[in-house]
Amino acid sequence: MPRRLLALAVATLLVVAGVSTAQARPARTPARHLLVQDGRIVDERGRTVLLRGVNVNQLGDYFQSNPAVPATLPFSRGDLEQIAALGLNSVRLLVHWSLLEPQPGVRDDAYLERVRQAVRWAGELGLYVVLDMHQDAWGKYIATDRAESCPAPLSHAPGWDGAPEWATLTDGLSRCRLSLREASPAVAQAWQSFWIDREGIQQHLVDTWAWLAGAFRSDPTVVGYDLVNEPNPGFTLGATDLTFLGEYHRRALEAIRVAENGGLTKIVFFEPVATWSATSAGVPRPWTTDDQIVFAPHIYTGSITADKAVTGQEVVPLRFGFEQAEREASVYGTTFWVGEWGPFSDAAGDGDYMTRFAALEDEFQVGSAFWQWKQACGDPHGVSYPDGGVPSESGNLVRVRCDDPAAPAGVVTGLVERNASVLSRPYLRAFPGAATFTSDPAMRSLVASGVAAPGSAPLEVWVPGATRPQVHTANLRRVDISAVPGGWLLRATPRGGPWTLSLNPS
């Protein structure tokens, strides 16, 4: 195993075992209230903060194609410890409407407490949280009945995740699908019912957001709220994003702001419709004058978009996804944050994609949440339907083995090191003024420069590995580098004016 990967693996194993190096500081930087200012996500000290993290779905409520195989793995503080040991500073925590409001107007306080516990753990470890109202193909209650015959070219569709059964209004339309999970008449009708607020179901979700926002209104660990994951257009493709999507965003945001009264104003992350990643279309036209919003597309360009699926090649350059996201965000005078991204072939083939994505992320100075942390053996993404066959392995970051009868959800066997090393690369977590940087995941090196005013707050840099890195600076003072689980945190204060920083492995 190469030395850099060995160091990463050793550091992660130490965290899993609850062991840290003698000089490691157990505490991370306390959470500060984040907000949007001048097209950047900044903290209370005016520093740009890059939210780098992963999606965590272990508190989710997914359809089980095979009733004997759980669709999620258990969640614990250890998951967040391992995420922090990769140098990541945030998680996109999936929550599901079906668990938050299992019956109309009845909200589950026990589930909310599970979410609260996850947020508390994250705060203790210095991780920020974006709460994501997740859904795929509307919900778990639109599975094709196994006994139903689907005429060609349609096929059986599993259920997925999201809405409760009582809010699933399909009018008896077919639940068979045309290849894609969203290409089902029943899924389209469920979304259409939501957009026109049939039986008040949209208002129910808006009220659920108000309940959540009220629960976390004074907690700076929760950065903000992703209003709905990958919204589908229903039967009004094109019109949905011009009208219905923005109206839902507006209603949800206003309910959140009322619930925050007297607390912290959180960032609202808003997504385009699910077709955006493939077509760069589907962004709601300006729907608010609120300035605490961030565009949150999913950039799967060159990974699972149509050009790759049909031709096997990346016809549309990955860079185009970043450029388009930046253009869309500028319409709102804000920045963007990539709520999901990732490759799904094999570790060897994924490496080049990971490295190119990381370089663009650094160049555009944005954060993201990798999809995903742990994928259970029964996750609908991997189980065939209707036969319920499970994969032999699951996961593109944490590898999960699926052949142990004693552990049907899966047995965690370790990190996909090629992908983990890219996510764990050095980066500027927070910096005052203006800065640029490039990071080399293979060498664990970083070169950065910037300009800051006298009296600016310190910049903060993550560096992975067990060995203390070599540090070279110009016009920075109070340079302090401290060991933490998984690597090192460097803090340095600009003297004022231009500064430079380089980090290299010893």
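Not measured: the values here are computed from a predicted model.
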Could you list all the disulfide bond (SG atoms under 2.5 Å apart) pairs where at least one residue sits in [range], not counting sequence neighbours?
| range | answer |
| --- | --- |
| residues 120-213 | Cys150-Cys176 |
| residues 197-269 | none |
| residues 203-277 | none |

Residues two or more places apart in sequence or in another chain: which of them pass side chain to side chain donor-acceptor pair (under 3.5 Å) with [X]?
| X | value |
| --- | --- |
| Lys266 | none |
| Glu199 | none |
| Thr168 | Trp138 |
| Thr48 | Arg40 |

Locate the shortest heavy-atom distance separating Leu99 from Pro102; write the atom from each residue and the value.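 Smallest heavy-atom distance, with atoms named: O-CD, 3.5 Å.
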
Closest heavy-atom pair and its distance - Pro391, Gly382: CD-O, 3.5 Å

Side-chain ion pair, [X] and [Y], N-O less than 4.0 Å:
| X | Y | result |
| --- | --- | --- |
| Arg52 | Glu361 | yes |
| Arg120 | Glu113 | yes |
| Arg198 | Asp171 | yes |
| Glu340 | Arg92 | yes |
| Asp136 | Arg181 | yes |
| Glu81 | Arg77 | yes |
| Arg425 | Asp362 | yes |
| Arg257 | Glu254 | no |
| Asp379 | Lys374 | no |

Using 0.5 Å steps for rounding, measure from the [atom1] atom of [X] to the [atom2] atom of [Y].
| X | Y | atom1 | atom2 | value |
| --- | --- | --- | --- | --- |
| Leu245 | Arg285 | CG | CZ | 10.5 Å |
| Trp462 | Ser439 | CH2 | OG | 12.0 Å |
| Glu326 | Gln365 | CD | CD | 10.5 Å |

[X]: what forms a ring pair (Phe, Tyr, Trp, His ring centres under 6.0 Å) with it, not counting sequence neighbours?
| X | value |
| --- | --- |
| Phe357 | Phe322, Trp341 |
| Phe269 | Trp337 |
| Trp373 | none |
| Trp160 | His381 |

Measure from the ring center of Trp97 to the ring center of His204 and say whether it is less than 6.0 Å. no

Distance flag, aromatic centroids of Phe63 and Tyr385, threshold under 6.0 Å: yes

Any donor-acceptor pair under 3.5 Å from Gln202 side chain to Phe194 backbone: yes

Tell me, which pairs form a ring pair (Phe, Tyr, Trp, His ring centres under 6.0 Å) where one or both residues lie in residues 140-159, sequence neighbours left out? none

Using 30° and 60° as the class boundaries, would you call the ring planes of Tyr300 and Phe344 parallel, tilted or perpendicular?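 Tilted: the ring planes of Tyr300 and Phe344 meet at 30° to 60°.
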
Hey, what's the ring geometry for Phe244 with Trp195, parallel, tilted or perpendicular (30° and 60° as the breaks)?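 It falls in the parallel class, under 30°.
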
His96 and Tyr62: ring-ring contact (aromatic ring centres under 6.0 Å, His included), yes or no, with the steps? CA-CA 9 Å; His96 280 132; Tyr62 287 85; 5.2 Å; yes

